[in-house]
Amino acid sequence: VGAVAWKGRGRVVSAGWDATVREWDVEAGCAAVSSMPTRRAATSLSCDASSPHVLAVGTLDGFVRIFDSRASTPALAFRPPNSSP
């Protein structure tokens with residue numbers, strides 16, 4: 001696991017070195033959403049309670065990928081200026 005964030009409402013999101021993002025149900029102790037592929041190892045992530053389905057994931061290749069947890073692929077991927085893999 002490269003990063004973990006509390007999402008609220010009993011949910012935690014993890015981003016891993018296995019290039020996946022998973023949303024977990026804390027009470028049930030199991031994955032609540034199918035894994036979302038990031039293509040590269042995930043090093044950071046962020047989520048916001050005001051947009052509960054949106055996740056921002058930073059990956060080892062320098063990209064930021066924006067996910068909607070209701071979908072299985074990133075909605076947007078970009079590399080910020082002056083970033084390098």
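Fair warning: this is a prediction, and the values are worked out from it, not measured in the lab.
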Least distance between heavy atoms, [X] atom then [Y] atom:
| X | Y | result |
| --- | --- | --- |
| Leu45 | Ala3 | CD2-O, 3.7 Å |
| Asp25 | Glu27 | OD1-N, 3.0 Å |
| Gly2 | Trp17 | CA-NE1, 3.7 Å |

Taking side chain as C-beta onward, heavy atoms only, is [X] less than 4.5 Å from [Y]?
| X | Y | answer |
| --- | --- | --- |
| Val4 | Trp24 | no |
| Arg11 | Val26 | no |
| Asp48 | Val54 | no |

Is there a donor in the side chain of Arg65 and an acceptor in the side chain of Thr59, or the other way round, less than 3.5 Å apart?
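Yes, because at least one side-chain N or O of Arg65 sits under 3.5 Å from a partner of the opposite role on Thr59.
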For Arg40 and Gly62, indicate whether the former's side chain and the latter's backbone hold a donor-acceptor pair under 3.5 Å.
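Not confirmed, Arg40 side chain does not pair with Gly62 backbone.
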How far does NZ of Lys7 sit from NE2 of His53, to the nearest 0.5 angstrom?
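Here the rounded value is 6.5 Å.
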Rounded to the nearest 0.5 Å, how far apart are CZ of Phe67 and OG1 of Thr38?
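One finds 6.0 Å between CZ of Phe67 and OG1 of Thr38.
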Taking Val12 as the starting point, is it possible to reach Val1 by hopping between hydrophobic residues whose side chains are less than 4.5 Å apart?
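Yes: a chain of side-chain contacts under 4.5 Å links Val1 to Val12.
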With hydrophobic residues grouped by side-chain heavy-atom distances under 4.5 Å, do Trp6 and Val13 end up in a single group?
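Looking at the clustering, Val13 is in a separate group from Trp6.
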